[in-house]
Amino acid sequence: ATTKTSIGNFDFENCFMNAAGVYCYDRNELEQLINSQAGTFVTKTATLQPRPGNPEPRYHDTALGSINSMGLPNLGFDYYLDYLLELQKTHPHRTFFFSLVGMSTEDTHALLKKVQESDFKGITELNLSCPNVPGKPQIAYDLETTEKLLADIFSYFKKPLGVKLPPYFDIVHFDQAATVFNKFPLTFINCINSIGNGLVIEDESVVIKPKNGFGGIGGEYIKPTALANVHAFYQRLNPSIKIIGTGGVLTGQDAFEHILCGASMVQIGTTLHKEGPVAFERITNELKDIMDKKGYKTIEDFRGKLKYL
Ligand SMILES: C=Cc1c(C(=O)O)[nH]c(=O)[nH]c1=O
């Protein structure tokens with residue numbers, strides 16, 4: 001079996017990659033992803049200026065997953081663009097993802113105009129779901145603002161673009177969000193970002209410093225919500241808009257379920273943070289074993305073919 005995939009006009013040798021924010025802060029980490037079994041990588045979400053992020057401790061692993069309130073620490077847009085342009089010379093046959101978001105609408109447009117005018121040939125992931133910048137709501141929970149933002153963006157941005165979404169929890173919200181996304185030539189949507197503002201307690205205390213311990217939840221806790229978001233949008237979106245599945249992938253079986261729900265690419269966050277890039281080899285082999293046992297040659301043999309009762 002092969003776990004290769006395609007998104008838009010881009011082919012990838014493997015349908016696994018990191019989730020933005022994990023193992024993608026600097027060249028050192030991104031190089032490890034390039035040299036791993038991952039089919040591609042996405043950068044840490046970049047802002048116009050570098051950001052130190054929230055006070056530490058701001059990330060904590062638990063038995064069933066993780067909680068984080070990083071606060072968008074990153075080395076700044078130019079750092080990541082420079083590296084991505086360098087990789088276009090050293091790895092001309094590979095396509096990488098550039099995650100970004102502005103701290104304001106104006107910044108977001110400034111960032112995307114810089115990408116549009118640059119020689120970047122990869123895929124841009126606009127993060128509409130960061131839950132950890134105090135005072136900043138998750139953009140994609142405001143569908144009116146999201147529609148206006150996307151309408152403005154697509155008036156000038158002509159390169160491949162997708163959006164990173166927070167989890168939705170209401171069928172009507174799936175309907176409303178899909179109606180918005182279907183209006184635009186999106187290359188993909190990515191479901192889901194961490195489940196915002198959870199709380200993890202050990203003994204009598206929170207485990208992270210920012211926001212009195214409130215943070216985005218990842219890992220095993222969130223797979224049912226991640227699968228539901230992937231499948232809800234798979235059922236509703238134009239087939240030209242691919243779906244990246246993110247959330248709760250620890251094993252090949254978890255990845256198999258994301259693809260059954262309609263995902264064309266699977267991102268790994270918490271498991272990558274805990275296990276390191278070798279996780280890609282393990283999970284890829286586990287998925288291939290499942291496909292071989294079931295007689296599936298490619299992921300298209302079962303993608304989206306979740307059975308109902
Ligand atoms: C980009 C900010 C994000 C962060 C963060 O930098 O706090 N954490 C997440 O779980 N998801 C995000 O989208």
Side-chain angles (χ1 to χ4, degrees), residues 17-26 29-30 41-62 64-77 79-80 97-105 107-108 111-112 124-142 146 149 161-168 188-200 206-223 225-226 229 244-249 267-274:
M17 62 187 287
N18 67 301
V22 181
Y23 239 94
C24 54
Y25 180 75
D26 59 18
E29 291 187 334
L30 291 166
F41 69 61
V42 58
T43 65
K44 170 64 187 173
T45 299
T47 49
L48 212 46
Q49 302 306 327
R51 284 174 53 88
N54 291 336
E56 297 183 327
R58 58 196 186 182
Y59 185 101
H60 186 87
D61 281 321
T62 70
L64 294 176
S66 66
I67 184 169
N68 90 84
S69 184
M70 307 300 284
L72 246 177
N74 72 97
L75 295 170
F77 174 84
Y79 176 93
Y80 300 102
F97 288 70
F98 191 3
S99 174
L100 51 81
V101 73
M103 295 306 291
S104 66
T105 303
D107 274 11
T108 295
L111 285 166
L112 288 169
T124 298
E125 180 174 276
L126 177 61
N127 189 342
L128 298 179
S129 46
C130 181
N132 299 321
V133 179
K136 292 276 177 194
Q138 294 182 77
I139 298 167
Y141 282 153
D142 176 345
T146 298
L149 178 63
L161 178 84
V163 289
K164 178 71 173 287
L165 299 174
Y168 297 95
F188 70 92
I189 65 165
N190 181 347
C191 299
I192 61 176
N193 205 319
S194 55
I195 297 181
N197 296 302
L199 192 56
V200 167
V206 301
V207 296
I208 54 174
K209 186 178 178 76
K211 297 169 59 176
N212 292 329
F214 285 61
I217 302 297
E220 284 186 64
Y221 303 110
I222 76 169
K223 188 176 76 172
T225 296
N229 276 260
I244 296 182
T246 307
V249 178
Q267 292 190 345
I268 301 176
T270 299
T271 301
L272 173 59
H273 191 274
K274 289 183 175 181

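Position 1 is the first residue of the sequence, and the numbers go up from there. Whatever order the structure lists ligands and atoms in, that order sets their numbers, starting from 1.
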| What residues, two or more places apart in sequence or in another chain, satisfy side chain to side chain donor-acceptor pair (under 3.5 Å) together with Y23? | Q32
| By side chain to side chain donor-acceptor pair (under 3.5 Å) - contacts of T45 (at least two apart) | S99, N127
| request: Could you tell me which non-hydrogen atom of N68 sits nearest to which non-hydrogen atom of S194, and how far apart they are? | output: ND2-OG, 4.4 Å
| task | Scan side-chain atoms only and decide if N74 and T47 contain a donor-acceptor pair under the 3.5 Å cut-off. | result | yes
| said: Side chains of N197 and K211 only: does a donor on one sit below 3.5 Å from an acceptor on the other? | reply: yes
| Partners meeting side chain to side chain donor-acceptor pair (under 3.5 Å) with Y221 (sequence neighbours left out) | T62
Distances under 3.5 Å, N/O of ligand 1 against N/O of the protein: list each pair and its distance.
{"residue": "ligand 1", "atom": "6 (O)", "partner": "K44", "partner atom": "NZ", "Å": "2.9"}
{"residue": "ligand 1", "atom": "6 (O)", "partner": "L72", "partner atom": "N", "Å": "2.8"}
{"residue": "ligand 1", "atom": "7 (O)", "partner": "N68", "partner atom": "OD1", "Å": "3.4"}
{"residue": "ligand 1", "atom": "7 (O)", "partner": "M70", "partner atom": "N", "Å": "3.1"}
{"residue": "ligand 1", "atom": "7 (O)", "partner": "G71", "partner atom": "N", "Å": "2.8"}
{"residue": "ligand 1", "atom": "7 (O)", "partner": "N132", "partner atom": "ND2", "Å": "2.8"}
{"residue": "ligand 1", "atom": "8 (N)", "partner": "N68", "partner atom": "OD1", "Å": "2.9"}
{"residue": "ligand 1", "atom": "8 (N)", "partner": "N132", "partner atom": "ND2", "Å": "3.1"}
{"residue": "ligand 1", "atom": "10 (O)", "partner": "N68", "partner atom": "ND2", "Å": "2.8"}
{"residue": "ligand 1", "atom": "10 (O)", "partner": "S194", "partner atom": "OG", "Å": "2.8"}
{"residue": "ligand 1", "atom": "11 (N)", "partner": "N193", "partner atom": "OD1", "Å": "2.8"}
{"residue": "ligand 1", "atom": "13 (O)", "partner": "N127", "partner atom": "ND2", "Å": "2.9"}
{"residue": "ligand 1", "atom": "13 (O)", "partner": "N193", "partner atom": "ND2", "Å": "2.8"}

